[in-house]
There are 2 protein chains.
Amino acid sequence: MNPTIYDVSRLSGVSTATVSRAFSDPDKVRESTRRKVFEAAEVLHYYPNAIARAMARQRTDKIAFLICKKDATILDEFYASICESIMKESNRSDYQLVISTASDWNQTPNTAQSRQIEGVILGGSASADLVTEFQSRNTAVVMVNNRLPGVDVPYVLSDEYGGVRLVVEHLASRGHKNIAMLAGRFSPYIVGERYNAFLSVTKEFGLKVSAQNVKMCDADVESAAQAAEELLRQKNRPTAVFGANDVIAAGVMKAARRLKLRVPEDVAVVGFDDSAVCTMLEPELTSVHINCQRMGELGMEHLRALLAGETCPSVTVVPVELKVRGST
Amino acid sequence: MNPTIYDVSRLSGVSTATVSRAFSDPDKVRESTRRKVFEAAEVLHYYPNAIARAMARQRTDKIAFLICKKDATILDEFYASICESIMKESNRSDYQLVISTASDWNQTPNTAQSRQIEGVILGGSASADLVTEFQSRNTAVVMVNNRLPGVDVPYVLSDEYGGVRLVVEHLASRGHKNIAMLAGRFSPYIVGERYNAFLSVTKEFGLKVSAQNVKMCDADVESAAQAAEELLRQKNRPTAVFGANDVIAAGVMKAARRLKLRVPEDVAVVGFDDSAVCTMLEPELTSVHINCQRMGELGMEHLRALLAGETCPSVTVVPVELKVRGST
DNA sequence: CTTCGCATTGTAAGCGCTTACAATTTATTT
DNA sequence: AAATAAATTGTAAGCGCTTACAATGCGAAG
């Protein structure tokens, strides 16, 4: 089949040990020898067999990004973006990346052990059990975009509180006093954070939020639109609605249009995530931009640190940015 | 470190060969022995080391999904969806899936050889060279959503022509005689297919399409919106615009709104891909639904066939479906 | 010219599994 | 019960690499 180190050894006239060293630790072989080895390798189309190398080294340099979600679409825009960033980073550091959804590996930690995965980046709503299971098997773990109270693992989080603060600040500065929030049932952690932040920040700004101005709905546009209609039909209609993410906000805009309310004149709408849809809507949706790329980079960076036996911060918060557009 | 087959062998009192067989070919060991082995494995938390197994077997069962794109966002909704489907399928058949963008592996086929990847699903605009390079190294290749004239490789394609036909048919049945198309510069293959199909189908339906009713623009909303404005400002304004994908169509809707044209009364709009944004727009966007899941399944199925030494169809076309919504 | 130290290279023993082949046990047949 | 076939298990040789250790070569110092 493929040429092996023996073929290169024979053709170049040096031992296999030298060939091996030429590839994995070039400084250990004399310049002239190295050249001979590489020439022979070139001729034979030899590339080191990563499997055999892993076997001998007792290290695989293999890591995984596990997305834990129950929803239909696992690779949504948000995680796809983090994913891409992790892909890029893992590549730069010569790690082999395996991407998977937790539901796919029926026995995730077993599969990971079997496949000799040395570190895992957990995205989404992984359970505490999953984390500790990995840790107990000596697998490095970093968690992205989720927080498990009492679980000691490095977290990479987006600044949810700060994002909500920017939203409320912005709306308040535009003179809104009656702001509603429409939350959707997606990631419990994220929704919880945004919801609590909303309550706390509005209070801080001296805005009172009545109970009927905070609603919960399912995480699809239509549910959001229906919930938003109720919200906007109240006698004391809110002048601004904050959707817990862009899909929800899009639902709010639909509702507004159905009720013949103008956005932003009659009701301002804000979303969260700054996904691609924001600029496709008319008016364009004001939203909080999450730095997914940075989150991926940090996840990877921390995992690399753990694998190298170094320490890394237990919580890293990535700043967000408010993108003001036509909807406010 | 981790327990090995020797530990299990010792604890269960059988040879390593038997332990190995119990795990990889259970029918070859007596029921009672098998139980002993599994019990010992359980106690030791033993799981077969996939690396060592690959080494001994000379097979890795490793495959890759390579997305070849130049755009900023590699994992867009479309590919993410195919990806998810491939993930699911590969898992069912115990393949190890590596997902990557071609740009990530600086020397893709070398890396693949080094990592002992046995088969590749190529998505997007891969080059003919890439395909033949893989094939010359005995790596099975299947191509999804792209076609390279003269390159012999199994193709899994969506029915672009059929989709466009559904669109034109639909618009014609609604009485539209003056239909425009706005194409964007994304995948050359896809745009080409949709564009040619549009010209050919409109001709078939006896609709004449003037040159200024077919425009090209960049693949983002704003470019599309600007191009669409020109389209809609003509004295002989088209009554329907077909966007080559949903992003373009969203741009058309934005343009319509800017020009105070009502959708669908003044101008009907149709997209392609049936992405999530369709239902977020108001009115909702009529679009052609592509069965990404099926495309992923077929890609995987064909790759599996190739790896098993079986044959598979050289071109498979996946049917599409028109989702009629408020925009027409 | 010998001796020592360092840089370079070679020898060979694994890494954890599979599997051909041999040896043994068990079931079946005469 | 002996003979034969079939099922089960064991022995041991790799798979392609790395790396500890040994061996060699070379220049500098004595």
Side-chain angles (χ1 to χ4, degrees), chain A residues 1-38 40-41 44-62 94 96 110 112-118 137, chain B residues 1-38 40-41 44-62 94 96 110 112-118 137:
Chain A
M1 260 296 289
N2 281 340
T4 74
I5 209 169
Y6 287 95
D7 301 314
V8 179
S9 154
R10 203 171 321 119
L11 182 60
S12 61
V14 303
S15 75
T16 59
T18 303
V19 176
S20 168
R21 282 189 278 254
F23 277 95
S24 42
D25 207 349
D27 296 339
K28 285 226 174 92
V29 331
R30 191 184 307 160
E31 158 71 24
S32 60
T33 318
R34 208 188 312 157
R35 212 166 27 230
K36 274 195 295 183
V37 171
F38 287 157
L44 297 169
H45 294 291
Y46 168 83
Y47 294 92
N49 181 323
I51 304 282
R53 171 177 287 183
M55 183 94 217
R57 277 196 181 154
Q58 297 287 84
R59 290 197 16 224
T60 58
D61 288 331
K62 239 175 157 180
D94 266 319
Q96 256 189 88
N110 297 348
Q113 178 180 333
S114 184
R115 297 193 180 164
Q116 305 290 104
I117 284 171
E118 299 172 337
R137 302 194 194 201
Chain B
M1 260 294 288
N2 281 340
T4 75
I5 210 169
Y6 286 95
D7 301 314
V8 180
S9 156
R10 203 170 321 118
L11 183 60
S12 61
V14 303
S15 75
T16 59
T18 303
V19 176
S20 169
R21 282 188 280 254
F23 277 96
S24 42
D25 207 349
D27 296 338
K28 286 224 174 92
V29 332
R30 190 183 306 160
E31 158 71 24
S32 59
T33 318
R34 207 187 312 156
R35 211 167 27 229
K36 272 195 296 184
V37 171
F38 287 156
L44 298 169
H45 294 291
Y46 169 83
Y47 294 91
N49 180 324
I51 303 283
R53 170 179 288 183
M55 183 95 218
R57 278 195 180 154
Q58 296 288 85
R59 285 192 24 221
T60 58
D61 289 330
K62 240 177 160 178
D94 266 320
Q96 255 189 90
N110 297 349
Q113 176 182 331
S114 183
R115 297 191 181 166
Q116 306 291 104
I117 283 172
E118 300 172 338
R137 302 195 195 199

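Chain naming here is simple, since letters A, B, ... match the order of the sequence lines and numbering starts at 1 in each. For clarity, every value in this text was computed on a predicted model and none was experimentally measured.
The CG atom of Asp7(A) sits 11 Å away from the P atom of dC15(D) (whole-angstrom rounding). For Lys36(A) and dG10(C), the NZ to C1' distance is 13 Å, given to the nearest whole Å. Rounding to whole angstrom units, CG of residue Asp25(A) and C1' of dT8(C) are separated by 13 Å. With rounding to whole Å, Arg59(B) atom CZ is found 14 Å from dT19(C) atom C1'. Rounded to whole Å, the distance from CD on Gln113(B) to P on dG16(D) is 13 Å. The NZ atom of Lys28(A) sits 12 Å away from the C1' atom of dT9(C) (whole-angstrom rounding). The CZ atom of Arg34(A) sits 9 Å away from the P atom of dT8(C) (whole-angstrom rounding). One interatomic measurement links the two molecules: CZ of Phe23(A) to C1' of dT19(D), which rounds to 17 Å at whole-angstrom precision.
When the side-chain nitrogen and oxygen atoms of Thr16(B) are compared with OP1 and OP2 of dG10(D), none of them lie within a distance under 4.0 Å. The shortest distance between the side-chain N/O atoms of Gln58(A) and the OP1/OP2 oxygens of dC17(D) is not below 4.0 Å. At least one side-chain nitrogen or oxygen of Ser15(B) sits closer than 4.0 Å to the OP1 or OP2 atom of dG10(D).
A distance-only check finds no donor-acceptor pair linking the side chain of Thr18(B) to the backbone of Val14(B) [under 3.5 Å]. A donor-acceptor pair under 3.5 Å links the side-chain atoms of Ser114(A) to the main chain of Pro48(B), judged by distance alone. Between the side chain of Ser12(B) and the backbone N or O of Val8(B), at least one donor-acceptor pair lies under 3.5 Å. Using a distance-only test at 3.5 Å, with no hydrogens or angles considered, no donor-acceptor pair links the side chain of Gln116(B) to the main chain of Ala52(A). Without hydrogens or angle criteria, Glu118(B) side chain to Asp61(B) main chain gives a donor-acceptor distance under 3.5 Å.
Taking 3.5 Å as the limit, the base of dC15(C) and the side chain of Tyr6(B) contain no donor-acceptor pair of atoms between them. With hydrogens and angles left out, the side chain of Arg21(B) and the base of dG10(D) share a donor-acceptor pair within 3.5 Å.
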Between Phe23(A) and Tyr46(A), does a ring pair (Phe, Tyr, Trp, His ring centres under 6.0 Å) hold up when you go through it step by step?
-> CA-CA 11 Å; Phe23(A) 277 95; Tyr46(A) 168 83; 5.3 Å; yes
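Using a 4.0 Å heavy-atom distance criterion, Ser20(A) is classed as a base contact. As judged by a 4.0 angstrom heavy-atom cut-off over every strand, Val14(B) is placed among residues touching the sugar-phosphate backbone only.
Of the N and O atoms on the side chains of Asn110(B) and Arg115(B), not one donor lies less than 3.5 Å from an acceptor on the other residue.
Contacts with DNA chain C (heavy atom under 4.0 Å) in residues 45-57 of chain B: Tyr46(B), Pro48(B), Asn49(B), Ala52(B), Arg53(B), Met55(B), Ala56(B), Arg57(B), listed by number.
Mapping Pro3(A) and Ser32(B) onto DNA chain D by nearest heavy atom places Ser32(B) closer to the 5' end of the strand.
Here the nucleotide nearest the side chain of Ala17(B), chosen from dA12(D), dT26(C), dC17(C), is dA12(D).
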